[in-house]
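Okay, so here's the structure we're looking at.
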Amino acid sequence: MPNVSTEAVAPNPHLAQYEAKGLKGRILSGVQPTGNLHLGNYLGAIRNFARLQNDYECLYCVVDMHAITVWQDPKALAAQTREIAAAFLAAGVDGDKHAVFNQSMVPEHAQLAWIFNCVARLGWMNRMTQFKEKAGKDRENVSLGLYAYPALMAADILIYKATHVPVGEDQKQHLELTRDIAIKFNNDFGVPDFFPITEPLIFGAATRVMSLRDGTKKMSKSDPSDYSRINLTDDADAIAQKIRRAKTDPHPMPETASDAEKRPDADNLLGIYAALADMEKDAVIFEFAGKQFSEFKSALTDLAVTKLGPVGAEMQRLMKDPGHVDRVLHAGAEKARAIAAPILADVYRTVGFLNP
Ligand code: ATP
Ligand code: MG
């Protein structure tokens with residue numbers, strides 16, 4: 001796998017059991033059913049889910065409990081949960097071989113999260129930039145769940161003792177918190193190595209896709225402007241229109257990587273092109289150096305339509321068959337619970353919860 005960036009960690013005693021099966025570890029990752037699934041989610045996370053599935057045992061989760069940290073219309077939430085599951089499958093995740101499920105169907109996530117609320121320190125939570133960004137100026141009025149979100153995320157991962165988590169760059173800080181929680185739990189309760197020190201898998205040419213309207217802001221499901229993102233369900237016309245309108249600057253295309261870095265809107269489009277084409281960004285810069293943006297944008301449109309069209313079409317097909325999606329989710333939840341339940345039982349014993 002090219003460009004895999006993982007953080008250096010001490011030898012992980014949890015890996016041996018997977019190595020014995022010819023695998024590199026166990027993966028957990030999730031996506032919120034908050035609507036508007038976009039190119040950033042695809043390139044930063046979902047596409048990588050499929051690419052990792054032959055090397056890892058995988059659990060891929062639609063994190064509906066995270067979604068309700070901000071208000072969600074209940075009917076829309078159910079439909080969006082199926083949509084994200086459909087996206088996992090459309091991107092090539094094998095729902096028979098791996099566990100694809102929604103978080104609320106596995107109550108062990110919430111049970112472990114409470115314990116982690118009691119392990120994590122307020123000082124740690126106060127440093128989380130996602131909370132600051134999402135709460136904005138309305139801090140007094142956001143849900144307690146939004147604040148506790150990273151402790152639930154740590155539970156999502158550690159309830160399976162997952163060793164690796166593929167995510168976009170924006171989730172790096174939450175993964176560091178997950179490691180801190182694991183270390184503190186292991187120390188506080190005198191159970192060295194009980195929870196693994198999870199490694200992030202952040203790789204590819206587009207680990208942080210930026211808004212098409214503002215190259216300094218992350219592309220996000222919750223951005224009010226639909227022109228800020230390419231949705232996975234956009235048709236060819238919508239993709240073409242959004243790329244045509246994407247913000248650029250008045251100069252020709254950058255000639256070098258250092259030139260591109262100073263021009264965030266151009267840099268973002270180059271990164272998207274590189275990721276979709278499976279090329280190095282430097283090679284894309286070389287190919288389009290000094291050309292007009294219009295020429296590049298037209299090539300990017302063709303590429304995006306070719307690469308995303310089949311994924312979007314397969315998602316639409318699966319969304320017309322909710323029975324199938326529900327069966328996958330149900331079977332996935334059973335597989336997930338079979339792993340989570342004994343780990344939670346160990347945690348309860350460790351913490352001293354009586355189970356007469
Ligand atoms: P929200 O705005 O509701 O938080 P989101 O777009 O950030 O939505 P999430 O469900 O929070 O989506 O994240 C799902 C996955 O997509 C995570 O692994 C996250 O790191 C990744 N991701 C989200 N946005 C981007 C982006 N712009 N570029 C690359 N990866 C991204
Ligand atoms: Mg997010």
Side-chain angles (χ1 to χ4, degrees), residues 3 5 27-52 58-73 76-77 80-81 83-85 87-88 91 93 102-103 128-136 142-143 145-147 149-150 152-153 156-157 162 164-178 198-226 228-233 246 264-265 267-272 274-276:
N3 294 335
S5 95
I27 277 178
L28 176 289
S29 194
V31 176
Q32 299 187 72
T34 41
N36 302 325
L37 191 70
H38 55 76
L39 182 65
N41 302 132
Y42 181 65
L43 295 177
I46 299 174
R47 185 174 73 163
N48 294 345
F49 294 179
R51 292 182 171 192
L52 292 161
C58 303
L59 297 123
Y60 294 129
C61 185
V62 185
V63 286
D64 46 9
M65 288 158 61
H66 285 286
I68 64 160
T69 55
V70 297
W71 169 253
Q72 302 295 325
D73 174 68
L77 184 64
Q80 284 161 194
T81 299
E83 181 176 322
I84 302 291
F88 291 174
V93 170
N102 57 308
Q103 186 186 25
M128 295 297 114
T129 55
Q130 178 178 290
F131 176 74
K132 289 182 200 163
E133 277 158 23
K134 290 200 172 179
V142 295
S143 73
L146 188 67
Y147 187 71
Y149 182 120
L152 175 58
M153 179 166 156
D156 299 334
I157 296 163
H164 295 81
V165 181
V167 276
E169 178 75 33
D170 62 304
Q171 289 301 322
K172 204 164 169 227
Q173 193 186 33
H174 287 165
L175 282 175
E176 281 157 13
L177 184 93
T178 300
T198 306
E199 291 181 47
L201 294 172
I202 300 173
F203 62 93
T207 57
R208 186 177 178 82
V209 177
M210 308 309 273
S211 159
L212 300 181
R213 308 298 304 157
D214 177 356
T216 63
K217 235 173 76 185
K218 180 181 96 70
M219 186 179 283
S220 174
K221 296 203 207 86
S222 40
D223 193 314
S225 165
D226 202 48
S228 68
R229 64 183 160 258
I230 293 173
N231 299 315
L232 283 193
T233 47
D265 296 299
D267 196 47
N268 185 38
L269 296 179
L270 285 161
I272 292 173
L276 285 172

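All ligand and atom numbering here is 1-based and tracks the order in the structure. Numbers here simply count residues along the sequence, with the first being 1.
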For [atom], what's the nearest protein heavy-atom neighbour? Residue, atom name and distance, please.
atom                    : value
atom 19 (C) of ligand 1 : D170 OD1, 3.4 Å
atom 30 (N) of ligand 1 : G40 O, 3.1 Å
atom 5 (P) of ligand 1  : K218 NZ, 3.6 Å
atom 15 (C) of ligand 1 : A45 CB, 3.8 Å
atom 2 (O) of ligand 1  : S220 OG, 2.6 Å
atom 13 (O) of ligand 1 : N41 ND2, 3.9 Å
atom 9 (P) of ligand 1  : K221 NZ, 3.3 Å
atom 1 (P) of ligand 1  : K134 NZ, 3.5 Å

Are any of the N/O atoms on [X], whether in the backbone or the side chain, positioned under 3.5 angstrom from an N/O atom of ligand 1?
X    : answer
V209 : yes
G168 : yes
V31  : no

Of the backbone atoms (N, CA, C, O) and the side-chain heavy atoms from C-beta on, which set of [X] has a member under 4.0 Å from an atom of ligand 1: side chain, backbone, both, or neither?
X    : value
V167 : both
T34  : side chain
Q32  : both
I46  : neither
H38  : side chain

Quick one: does [X]'s side chain have a donor or acceptor within less than 3.5 Å of a partner on [Y]'s backbone?
X    : Y    : answer
N268 : D265 : no
Y60  : F88  : no
T81  : P33  : no
T198 : A162 : yes
R229 : S220 : yes
Q72  : A67  : yes
S29  : P166 : yes
T207 : F203 : no

Under 4.0 Å to a heavy atom of T207 - the qualifying atoms of ligand 1, by number: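 Matching atoms, with element in brackets: 28 (N), 29 (C), 30 (N).
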Taking only heavy atoms of G44 into account, list the atoms of ligand 1 that are under 4.0 Å away from them.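 With G44 as reference, the close atoms of ligand 1 come out as 29 (C), 30 (N).
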Quick one about Q32 and Q80 (side-chain donor to acceptor, distance below 3.5 Å, no hydrogens or angles considered), yes or no?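 No, no side-chain donor-acceptor contact under 3.5 Å.
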Does a donor on one side chain and an acceptor on the other come within less than 3.5 Å for D170 and Q130?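 The criterion, which ignores hydrogens and geometry beyond distance, is not satisfied for Q130 and D170.
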D223 bridged to K217 by N-O distance under 4.0 Å: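 Salt bridge: yes.
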